[in-house]
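Worksheet: the structure to be examined is printed underneath.
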Amino acid sequence: MIKQIDACLERLIATCEEPSLRDAMHYAALGAGKRIRPRLFLAACEAMCGGYDEAALQFACCLEMIHAYSLVHDDLPAMDNDDLRRGRPTVHKQFDEATAILAGDALLSHAFEIMARVCACAESVQQDYAQTMLIIARAAGANGMIAGQVRDLASEGKQLDMDTLEQIHRRKTGALFAAALEAGATLGGNTHTQEMRKLGYTLGLAFQIRDDILDVTSTAEALGKNPGSDINNQKSTYVSLAGLETAQEMYKNISADVLALVDSIPAKTLTLRDLITQVLTRDK
């Protein structure tokens with residue numbers, strides 16, 4: 001599945017006609033990432049209808065481009081000011097700050113151009129295609145991932161309570177996870193979409209707790225990025241609020257909740273369950 005996603009990403013980014021911009025977009029989107037969000041999308045689609053087609057693959061790649069753009073901007077000096085991502089220099093370090101901003105902008109707008117084109121070419125399933133695009137747009141936009149990022153930046157230097165921290169990451173991380181599963185289910189037959197959405201939000205929170213744990217227990221070599229960045233930026237995390245041992249127990253409990261939610265969905269979710277298990281047991 002990852003090879004299919006990467007090959008499709010290559011084709012879609014290759015349509016950018018400006019060489020320097022295309023190189024930066026390629027660098028940002030095709031690093032050594034796990035492609036979790038597009039894989040979740042395709043696995044959800046497959047669970048509903050038994051497979052996926054080229055249109056679904058393009059939607060999945062658009063999710064990855066949106067995720068990649070968010071990382072490019074998140075790493076900028078005005079945001080988290082990180083120098084390392086996926087085991088190599090961040091985009092603004094490899095190229096320059098202006099190119100990084102434009103590459104992020106281009107990945108986002110290119111993703112929506114591709115989704116709009118897929119919708120425009122659809123015939124009998126046009127409504128499901130448009131709904132799929134709407135779900136992704138809502139998650140990526142001003143009331144989704146971006147709102148979470150704004151709240152995250154505003155929280156620097158402040159001691160948050162656990163509920164506020166969860167609300168930040170429900171948007172910053174959970175929104176795109178939820179969109180991947182809900183949109184995939186929508187494109188795969190428009191069934192069990194709300195269950196998939198709930199699963200995505202729960203998985204997103206588990207992912208964030210795991211990130212916070214790895215940020216204090218792992219190394220730059222293992223993570224592919226510099227650990228301790230949240231501490232350096234004076235951000236509240238599940239570990240800083242609850243302590244490492246309690247955060248690990250929280251992670252154990254929410255991981256069990258995630259798997260129970262998968263098993264409660266009456267669809268062919270074997271591929272999805274295997275993927276989610278991989279996400280829950282990741283070490284980077």
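One-based numbering along the sequence shown.
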(request) Kindly check if the number of other-residue, nucleotide or ligand heavy atoms within 6.0 Å of CD (Q194) is above 12? (result)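 Check passes, neighbour count above 12.
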On a heavy-atom basis, which atom in [X] and which in [Y] lie closest, and how many Å separate them?
X: L165; Y: T237; result: CD2-C, 3.5 Å
X: G204; Y: T173; result: O-CG2, 3.6 Å
X: D283; Y: R210; result: CA-NH2, 4.2 Å
X: V258; Y: A206; result: CG2-CB, 4.3 Å
X: P266; Y: H192; result: CG-CE1, 3.3 Å

(message) Please determine whether a side-chain nitrogen of the Lys or Arg among R282 and D211 lies less than 4.0 Å from a carboxylate oxygen of the Asp or Glu.
(response) yes
(request) If a pair satisfies side-chain hydrogen bond (donor to acceptor under 3.5 Å, both in side chains) and one of its residues is in residues 256-266, list it, with sequence neighbours excluded. (result)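 For residues 256-266, and leaving out neighbouring residues, the side-chain hydrogen bond (donor to acceptor under 3.5 Å, both in side chains) pairs sorted by first residue read D263-R273.
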May I have the list of side-chain donor-acceptor pairs in residues 141-154 shorter than 3.5 Å, sequence neighbours left out?
residue: Q149; atom: NE2; partner: D74; partner atom: OD1; Å: 2.8
residue: D152; atom: OD2; partner: K172; partner atom: NZ; Å: 2.8
residue: D152; atom: OD2; partner: K235; partner atom: NZ; Å: 2.6

(message) For a 4.5 angstrom cut-off between non-hydrogen side-chain atoms, does V91 reach D75?
(response) no
(request) Tell me, please, which residues at least two apart from D96 pass side chain to side chain donor-acceptor pair (under 3.5 Å). (result)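 D96 satisfies side chain to side chain donor-acceptor pair (under 3.5 Å) with T99 once adjacent residues are dropped.
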(request) Applying side chain to side chain donor-acceptor pair (under 3.5 Å), name anything that partners R197, two or more places apart in sequence or on another chain. (result) E182
Table please: side-chain donor-acceptor pairs of residues 55-69 below 3.5 Å, with sequence neighbours left out.
residue: Q58; atom: NE2; partner: E54; partner atom: OE2; Å: 3.1
residue: E64; atom: OE2; partner: R86; partner atom: NH2; Å: 3.3
residue: H67; atom: NE2; partner: R37; partner atom: NH1; Å: 3.3

(message) Does H92 form a side-chain contact (heavy atoms from CB on, under 4.5 Å) with V72? I'd like the steps, not just the answer.
(response) CA-CA 8 Å; H92 70 275; V72 173; over 6 Å; no
(message) Clusters formed by hydrophobic residues whose side-chain heavy atoms approach within less than 4.5 Å: which one holds Y201, and what are its other members?
(response) none
(request) Write out all pairs satisfying ring pair (Phe, Tyr, Trp, His ring centres under 6.0 Å) with one or both partners inside residues 152-182, taking only residues at least two apart or from two chains. (result)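 Checked against ring pair (Phe, Tyr, Trp, His ring centres under 6.0 Å) - neighbours excluded - the pairs reaching residues 152-182 are F177-F207.
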(request) For residues 250-284, pull every pair meeting ring pair (Phe, Tyr, Trp, His ring centres under 6.0 Å), keeping only residues two or more places apart or in separate chains. (result)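 Non-adjacent pairs meeting ring pair (Phe, Tyr, Trp, His ring centres under 6.0 Å): zero.
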(message) For a side chain to side chain donor-acceptor pair (under 3.5 Å) check, start with the C-alpha distance between D212 and Q208, then their side-chain angles and the critical distance, and finish with the verdict.
(response) CA-CA 6 Å; D212 290 353; Q208 186 60 52; 3.1 Å; yes
Can you give the donor-acceptor pairs under 3.5 Å from side chains of residues 26-33 to other protein atoms, not counting sequence neighbours?
residue: H26; atom: NE2; partner: E10; partner atom: OE1; Å: 3.0
residue: H26; atom: NE2; partner: E10; partner atom: OE2; Å: 3.2
residue: Y27; atom: OH; partner: P89; partner atom: O; Å: 2.7

(message) Strictly by salt bridge (charged side-chain N to carboxylate O under 4.0 Å, His left out), give each pair with a member in residues 16-34 just once, sequence neighbours left out.
(response) none
(message) Taking side-chain contact (heavy atoms from CB on, under 4.5 Å) as the definition, give me every residue that meets it alongside I2, ordered by chain and number, with sequence neighbours left out.
(response) D6, R35, R39
Enumerate donor-acceptor pairs with a distance under 3.5 Å from any side-chain N or O in residues 111-120 to protein atoms, sequence neighbours excluded.
residue: E113; atom: OE2; partner: R117; partner atom: NH2; Å: 2.8

